[in-house]
Amino acid sequence: MDTYVRFLYEFLNEFFAGLKTIVFGIINGIKQVFDIPNYIHLIKEYKNDFSGQEWILVAIAIAAVAIILILSVILVFLILRKYIRFRKTLVEQESMVKEVADLNKRVAKMTKEREEILAMKVSQLGLSPNEPSEMDIGQSNTENKEEIESADGVRFTRLTIIDKKFAKYKVQNYNNDFELEELCNTFRNFAASRLHLYYTLPMIRTFIAGLASTKLVILQGISGTGKTSLAYAWGKFLKHDSCVVSVQPSWRDRTELFGYFNEFTKKFNETQLLEQLYIASYTDDVYTVILDEMNLARVEYYFAEMLSILEMPNRDEWIIEVVSSPWENDPKHIIGGRIKIPANTWYIGTINNDDSTFMVTDKVYDRAMPIDINEKGQVFEAEDTPPMDVNFTYIDSLFEKAKAEHPVSDDLWKKINEMDDYVIKHFRVAFGNRIVTHLGKFVAAYVACGGDEVEGIDYFMAKKVLRKFEQLNIAYIKDEIDGFVTFLDKTFGKGKMKECIEYVLRLKKLG
């Protein structure tokens, strides 16, 4: 054993002596390369023997050595920097993967908190904050942990689960037989008797007529008058809770509405709106999306694509790209990475005009139906009225029926054209074909809801056309307002255009 110990000592001593020689050799070599005093001593030793031409060569040699040294230092520095960056990138990637996992956990927690906040927000409706959502087969069921885990390997987890829920679903025919006027009364009584929300009959008519004219309705006015409540009550009335989308000031594009594909997790972050639209694509029921405080961000940024799509006359063209390329196991109704926007969904935005919000532009207003809610409805006794099952195809047919049975009369179209000419001449404001189309749909539905034709025209013109006066210099048009009021009374009848006259007189006071 002693022999082996001596052998091992000498063997390792030889090995480490070699390593020592290498290390000290490198260190000594670096010292010798950068031994400037030795270079100076060498030059002094030979300086008396150099001729003039040799001094030039000496200078060249010194410069060459200096350049080599400098380049060597730079090369070592670049190699070290590149290594540090590479190492830093690896560390950052590992950190980001861990952070993504943590963020996913936080998102799940925040989603739960958001739902609790929204429940508190609508508690004024007389509903229990813990009342389950009525997006049957939908949102609440997709929260099932086991179902989500079983959908591993797909990028649209929740939509895939919805596919499974609706695998054997058949479109329901509710055999509706009501008219629009009856619908208005029934909805008003339901809101009053079941939710303790009180609205005037003209307000309900205006709301239903707005739904007939366009897919985007904007409820605006002072805070606390029941804008969100009206839209929420409509969802309750139709037995499908409205999907409340709380707009955030940071929203810049449509990914805030529809979600996005996470390259790290290889999952699509599905929003509540996307789930709602996907469920709606399976049924013939009526669904509602509430864009709560929609002008906290610029509407034309995050909702621009939807504004264009919903204006297309052919509903088969209401298609939006969700992902750039398809996967084989994508949900049933996402074809080629795109989803068709279902026609049985309306979008109702609420607006508060204050210093914390953006002004809604003409591009948005021209494609929407704005409705002012500035007064709380008076309490009245209403017969207990349950919610209704309503087929979208039926209510859509009622809107088409209204257009056929209650078109704007030729005499009133003539007066509207005269009003258009007057406004162009005196205020330099005009309205295009889109507004004319909305006008025809709105007025027809308003009359079918039990309203007066001129009353419907008055409201529409005040909210859609005269609203453009706000962009003008009020002081400049102030003197023209009295003449315009006289024109309205003479053309449509004394006091018939009440909304328009009240609006322009209010502008006059502001001027």
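Being a predicted model, the structure only gives us computed values, none of them experimental.
A distance of 11.5 Å separates CD in E179 from OG1 in T186, rounded to the nearest 0.5 Å. Atoms OG1 and CG, on T361 and L307 in that order, are 8.5 Å from each other to the nearest 0.5 Å. Atom-to-atom distance recorded for T491:OG1 and K414:NZ is 10.5 Å, nearest 0.5 angstrom. Annotation: the span from S213 atom OG to I208 atom CD1 amounts to 11.5 Å, rounded to 0.5 Å. I348 CD1 to L291 CG: the interatomic distance, rounded to the nearest 0.5 Å, is 9.5 Å. Taken from CE in M294 to CG in N352, the straight-line distance is 12.0 Å, to the nearest 0.5 Å.
Of the possible donor and acceptor atoms, none in the side chain of K239 sits under 3.5 Å from a partner among the backbone N and O of D389. Remark: side-chain polar atoms of R205 are paired, donor with acceptor, to backbone N or O of C449 under 3.5 angstrom. Under a 3.5 Å cut-off, the side chain of Y199 and the backbone N or O of L230 do form a donor-acceptor pair. A donor-acceptor pair under 3.5 Å links the side-chain atoms of Q172 to the main chain of K170, judged by distance alone. Checking side-chain atoms of D330 against main-chain N and O of G336 turns up no donor-acceptor pair under 3.5 Å. D284 contributes a side-chain N or O that, together with a main-chain N or O of T393, makes up a donor-acceptor pair within less than 3.5 Å. Between the side chain of N344 and the backbone N or O of T283 there is at least one donor-acceptor pair closer than 3.5 Å. Side chain of W327 to backbone of R155: no donor-acceptor contact under 3.5 angstrom is found. For the pair E270 (side chain) and R158 (backbone), a donor-acceptor distance under 3.5 Å is present. The closest donor-acceptor contact from the side chain of R367 to the backbone of K363 lies under 3.5 Å.
A salt bridge is defined here as a Lys NZ or Arg NE, NH1 or NH2 lying under 4.0 Å from an Asp or Glu carboxylate O, and R467 with E470 fails to meet this definition. Between D316 and K340 a salt bridge is recorded (basic side-chain N to carboxylate O distance below 4.0 Å). For K403 and E400, the salt-bridge test passes: some basic side-chain N is under 4.0 Å from an acidic carboxylate O. We find that D489 and K496 are not joined by a salt bridge, their nearest charged nitrogen and carboxylate oxygen being 4.0 Å or further apart. We find that D253 and R298 are not joined by a salt bridge, their nearest charged nitrogen and carboxylate oxygen being 4.0 Å or further apart. The pair R254-E305 counts as a salt bridge, with a side-chain nitrogen and a carboxylate oxygen less than 4.0 angstrom apart. A salt bridge is absent between K425 and D421: the closest approach of a Lys/Arg side-chain nitrogen to an acidic carboxylate oxygen does not fall below 4.0 angstrom. Between K498 and D458, none of the side-chain N atoms (NZ, or NE/NH1/NH2) sits under 4.0 Å from a carboxylate O, so this pair counts as no salt bridge.
A side-chain donor-acceptor contact under 3.5 Å links Q220 and D372. Side-chain N/O atoms of E256 and Y301 include no donor and acceptor closer than 3.5 Å. Side-chain contact check for Y394 and D177: no donor-acceptor pair (N or O, by modelled atom type) lies under 3.5 Å.
For D410, the CG atom counts as loosely surrounded, since its 6.0 Å shell holds 12 or fewer non-hydrogen atoms of other residues, nucleotides or ligands. Within a 6.0 Å sphere centred on OH of Y174, other residues, nucleotides and ligands contribute more than 12 heavy atoms.
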Item to check | side chain to side chain donor-acceptor pair (under 3.5 Å) assessment of Y282 paired with D163 | outcome: CA-CA 9 Å; Y282 268 101; D163 276 341; 2.5 Å; yes
Next on the checklist: Evaluate N269 against Y260 for side chain to side chain donor-acceptor pair (under 3.5 Å), listing each step before the verdict.
Outcome noted: CA-CA 5 Å; N269 287 39; Y260 61 92; 3.2 Å; yes
Item to check | Check against side chain to side chain donor-acceptor pair (under 3.5 Å), D362 and Q471 | outcome: CA-CA 10 Å; D362 268 350; Q471 302 174 12; 3.0 Å; yes
Item to check | Derivation and outcome, side chain to side chain contact (heavy atoms under 4.5 Å, CB included), residues H438 and K464 | outcome: CA-CA 10 Å; H438 290 178; K464 289 277 282 185; 3.4 Å; yes
Next on the checklist: Walk me through whether Q248 and L296 qualify under side chain to side chain contact (heavy atoms under 4.5 Å, CB included).
Outcome noted: CA-CA 6 Å; Q248 302 300 317; L296 278 179; 6.0 Å; no
Item to check | L238/V286 under side chain to side chain contact (heavy atoms under 4.5 Å, CB included): CA gap, chis, key distance, verdict | outcome: CA-CA 7 Å; L238 299 173; V286 179; 3.5 Å; yes
Item to check | Worked check of side chain to side chain contact (heavy atoms under 4.5 Å, CB included) between V217 and Y347 | outcome: CA-CA 6 Å; V217 174; Y347 308 85; over 6 Å; no
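Nearest heavy-atom pair, P331 versus L159, reported as atom, atom and distance to 0.1 Å: CG-CB, 3.6 Å. Counting all heavy atoms, side chain and backbone alike, I416 lies closest to F492 at N-CZ, 4.2 Å. Contact record, T385 with F190: O-CD1, 3.2 Å, taken as the closest heavy-atom pair. When every heavy atom of P387 is checked against every heavy atom of K236, the shortest pair comes out as CB-O, 3.5 Å. Shortest non-hydrogen contact noted between S242 and A231 is OG-O, 3.0 Å. Shown here for Q272 and C243, the closest heavy-atom pair between the two residues is CG-SG, 3.7 Å.
Separation of the F380 and Y198 ring centroids falls under the 6.0 Å cut-off. Checked against a 6.0 Å centroid threshold, the rings of F268 and F261 do not count as neighbours. The ring of F484 has its center closer than 6.0 angstrom to the ring center of F427. For an aromatic pair to be called close, the ring centres must be under 6.0 Å apart, and W234 with F207 satisfies this.
Cation-pi geometry between R188 and F237 is not met at under 6.0 angstrom from the ring centre and within 45 degrees of the axis. Both tests hold for K463 against Y459: distance to the six-membered ring centre under 6.0 Å, angle to the ring axis within 45°.
Note on ring orientation: taking the six-membered ring where Trp is involved, the planes of Y422 and H426 are parallel (angle under 30°, cut-offs 30° and 60°). Taking the six-membered ring where tryptophan is involved, the planes of Y302 and W251 are perpendicular, since the angle between them exceeds 60° and thus also 30°.
Side chains of Y446 and E453 form no contact here, defined as non-hydrogen atoms less than 4.5 Å apart.
Residue D396 is tested with K215, K401, R315 for a salt bridge (Lys or Arg N to Asp or Glu O under 4.0 Å); the sole match is R315.
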